[in-house]
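Please read the structure below before turning to the comments.
Remember, it's 1-based here, ligands and their atoms both numbered in the order they're listed. The figures here come from the full heavy-atom set of this structure, side chains too, leaving out hydrogens, waters and symmetry mates.
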Amino acid sequence: MNLNLSHKELITIISGESSSFPEYPIDIIYYDTRLINTSRNGVFFALNGRRNGHDFINKAYEKGIRTFVVNKTVDLPADATIITVEDPLRALQAVAKHHRNQFSYPVLAITGSLGKTTIKEWLYFLLSDEFNIVRSPKSFNSQIGVAISLLEMNDQHNLAIIEADISHPNEMEFIEDMVSPTLGIYTGVGHFYADNFESQKAHAAEHLKLFKHANITFVLSEHKNELRKNKINSDIVDYDAWKKLDFSQLSYSNNRVIALHVAEFLGVEKSILFKKGEQLPVLSNRMEVFEGQDDNLIINDSYNIDVDALEQALSYQFSSDERKDKIVVLDLSYVEENRKKDILNVVNSYSPTQLFIIENNEVPAELLAVKNSSILFKGSYRSRLKETVLMFKNRKHETWVEFDLKSIQHNISVFQKKLPEKTKLLVMVKASSYGTGDINIPHFLQQTGIDYLGVAYTDEGTTLRENGISLPILIMNTEIDAFDDVIRFQLEPSIFSIAQLEAFCNRLREDNISDFPIHITVETGMNRLGFYPEDIAELIEKLKLRPEVKVKSIYSHLADADNADPAYSLEQIEKFKAMKTTFKNGLQDDEILYHILNSEGASKFGKFASFDMVRLGIGVFGYTSTAAEDELLPSIRWKTTISQIKTIQAGETVGYSRTFTAEKPMEIATLRIGYADGFRRSLSNGVGQVFINGISCPVVGNVCMDMTMVDVSNTNCQAGDEVEIIGENIPIKTFSNRLKTIPYEVMTSISKRVSRIYLR
Ligand SMILES: *Cc1c(COP(=O)(O)O)cnc(C)c1O
C-alpha cells in the first residue's frame, strides 16, 4: 500500500474534523495494531468491530502511529493528529473508493456464496502471464476486507480481481460504491441462504447489486434468469462447451469452467488454457496460526508461495511480538528458478533469526530443535509442507509414527553392497509404501536414484503419478477395468494370462499404441499369479504377434525365502533360470530384465541369483525375517501420549466388560491410542506392553477403540508424557510376535488417522 495522501486530502475524502494538519503525507492505513510494523507514516482507523479499535489506540501510538481516525473522544499525547468522523468504517471505505478511482484498468469483482476464493486464485494463476494483477489477499471479502484489497491497487497493475461477500440486507451498496466493478462473476447462492435474508431470492438479489454498473457479468446458465430479473448485463458461461474440450485428467467443476471462460474472454489463448487448466492449484484455506509444541507459535501458510502472499505472511509474523525469534521455513520444491531469487529477497529483507529451506518434507534436525519461537511455514500447494507442519503441532494430543529417512537410505546401501554392481533396484511401494503414507517414501526413493517402483494395483500407481512420481512403475495386478488409467498414466502392467494379454493389446490397438511396456509374471512355486512353464511356448508366439506391447521384464516370486533351509528357494531359482533360457531363445530380446528376489531373497541369494534386478520391500524399512537384520537399521517409531493418570483401589475394575480387576492399589494411565489406530484389541490384558520413561507397562483391561489403559504403578510419569508403542525398546518384531503376526501386517495396519512424520 502506498497512498501518498496529504492530511488535508485525507480529511476531505473522509469528511472528517481535525484541529491539526501536519505536513507529512499518509502512506499506509492500519486497522489492526498487530499488523503495524513500519516506520512509514501510517494512519490508524479505530473500527468498531468485534474488538473495538478505540481500545488499541495507545498500542498504535506506542508502535509509532501519529494519525488516528476515530468517532469517540480519545486521550493521546499532543503530537497525535486526531480526525473525528461519524463512522470510521465508512471513512475507510471512502479512502478505498478514492484510491480505486485513480486507476482506469478493469476491475473484476466476484461474489456469490460459493467458490469466490477458488475462482479468484485460479484466474490469478491462468492470467498471471498476461496481466499484472492485484487481487484480494486470501478471502478478504468483507466490508473491511474489500477496502483493504482496493488499497493495494497501484499503477503497475493492469487488472484487479476483488472478491466480495455480504451477510445482511443492504450491505452490498457500500461495496458496490467502493469497487465500481467493470466486470463481474456471480457464483450463485446455492440452496442455503444467509439467516438474515427472508429468501434465497432476496439473498441473490443483494449479491447482484454489486453488478448494477458493470459492463458484463459472467454466470452459468442456471443463474441467467436471476441476472435478467435484476437487469444485469450478462455473458453465459457455457459449461457443456468447455466440458466437451476434454482436459485429459480432470474432473469438471463450475469453478473451473468459470475461471477458464473468463480467462479466455480476457484474451488467453485456448492452447495455453488447456495447459494451465491441468495445473490449477489445489487450494486449502487460510493461514493457520496455532500454539505448537516446545512453546513455538506456528504460522502455517503452506498453500501459496507467490511474493504477495509471502509478504502478507511475513508482515503478520514480524508484527507480532509474541515470540522474539522468528524462524522462516520455505519449501521451494516446484518453484521455478527465477522466482526463487525474488522469494529469498523478500524473506531476507525481514532478517529472520533463522531461515530453513527444505524440500519434500525432509526436516533437518536443527529445525526440530527450535524452541520458543514463531515459525512461519511457507510452501506452494504442491509441496507437502503441510505434513511437516504436523510435526510441530502439539503432540500432546496425538498418536504418530515417525519414519527415519536416514535409516532407509542406509538400508538401501546395505542391499546394494550385497548385490552385483549392475543390479537394478525396484522398490515395492504397494499399500501406501507398506503403510508409511502415499507419497513421501516414493518421493524420497525417486531422489535417491533407484530404478523402478512397484505397486499392487493400478490406483496406487495413479496416485503416484498424480503426485509427481516419474520413475517407471510396475503394477502387479492389473484389472481389465483399469486399462485406461494404465495407458493414460504410463503405468506398466504385469501380464499373467493369455486372456489378459489379448484384452490389453486390443485396448492398445484402439489407440494405435505400439511398444507399450509390460512385464510378464511367471510361476515357479508361489502358486499365486503367473504363467506355468508349459504355457510359455504359447505366450512367446502370442507376444511375437503383438507389436502393441514391449516386454520390459520377466519375473517370479519366492515363496519360502524366510525359511532357514534354502532348498525350496534354490529350486525356484533353478526353475526361473530354465524359463529365462526359453524366453531368451524365443523372444531374442536382450534388453528384457529378469528378477525373482525380494528383500529376504536379496540378502541371502543376492550374490548369485539377482539376475538383472531385485525387488525390495520391507528390507528398505530395516526388517527382514531372518537375514541381514544386524546390518539394517529400523526406521519406524510409533508413539502416543498419556491423557490422564488415575489411582485405583483393590477390587476396582478397568475398562469395557470389566476384564481386569485390581488386586492392590495401582496407578493407571490412559493412552491416546486404540484399536482404531491399529493397536489391536488382542493386545488387551497384558498381551500388549508399552514403554514409558524407561519402564515396560502392560495393558490392563480391554483395548478400547480410541484409548488404552496401562499399568504405570512402577513408572514415574505424568499426563502428556510420550509413550513408545514401537521403537528402540519395543522392536517391531516383538510387537508383531505379541500379535502372532509379522511386521508387514503391523506396518500396513497402522490406521490412516495416525499422523505420519518423516525425519531427515
Ligand atoms: C511385496 C513384494 C515384494 C517385496 O517383498 P518384501 O518381502 O517386502 O521384500 C517383491 N515382489 C513381489 C512380487 C511382491 O509382491
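Applying the salt bridge (Lys or Arg N to Asp or Glu O under 4.0 Å) test to Asp484 and every residue at least two apart in sequence or in another chain returns Arg507. Contacts of Asn506 classified as side-chain contact (heavy atoms from CB on, under 4.5 Å), with partners at least two apart in sequence or in another chain: Arg509, Arg546.
Protein residues lining ligand 1, listed by chain and number: Met428, Lys430, Tyr434, Met476, Arg528, His557, Asn598, Ser599, Arg615, Leu616, Gly617, Ile618, Tyr744 [non-hydrogen atoms, distance under 4.0 Å].
Comment: Arg637 engages Asp404 in a salt bridge, judged by a side-chain N to carboxylate O separation of less than 4.0 angstrom.
A donor-acceptor pair shorter than 3.5 Å cannot be found between the side chains of Glu745 and Ser736.
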Show the atom names and distances, to 0.1 Å, of all donor-acceptor pairs under 3.5 Å that link a side chain in residues 530-540 to residues at least two apart or in another chain.
residue, atom, partner, partner atom, Å
Tyr532, OH, Asn527, OD1, 3.1
Asp535, OD2, Tyr532, N, 3.1

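Within the 4.5 Å cutoff, the side chain of Arg615 has no heavy atoms near those of the Tyr452 side chain.
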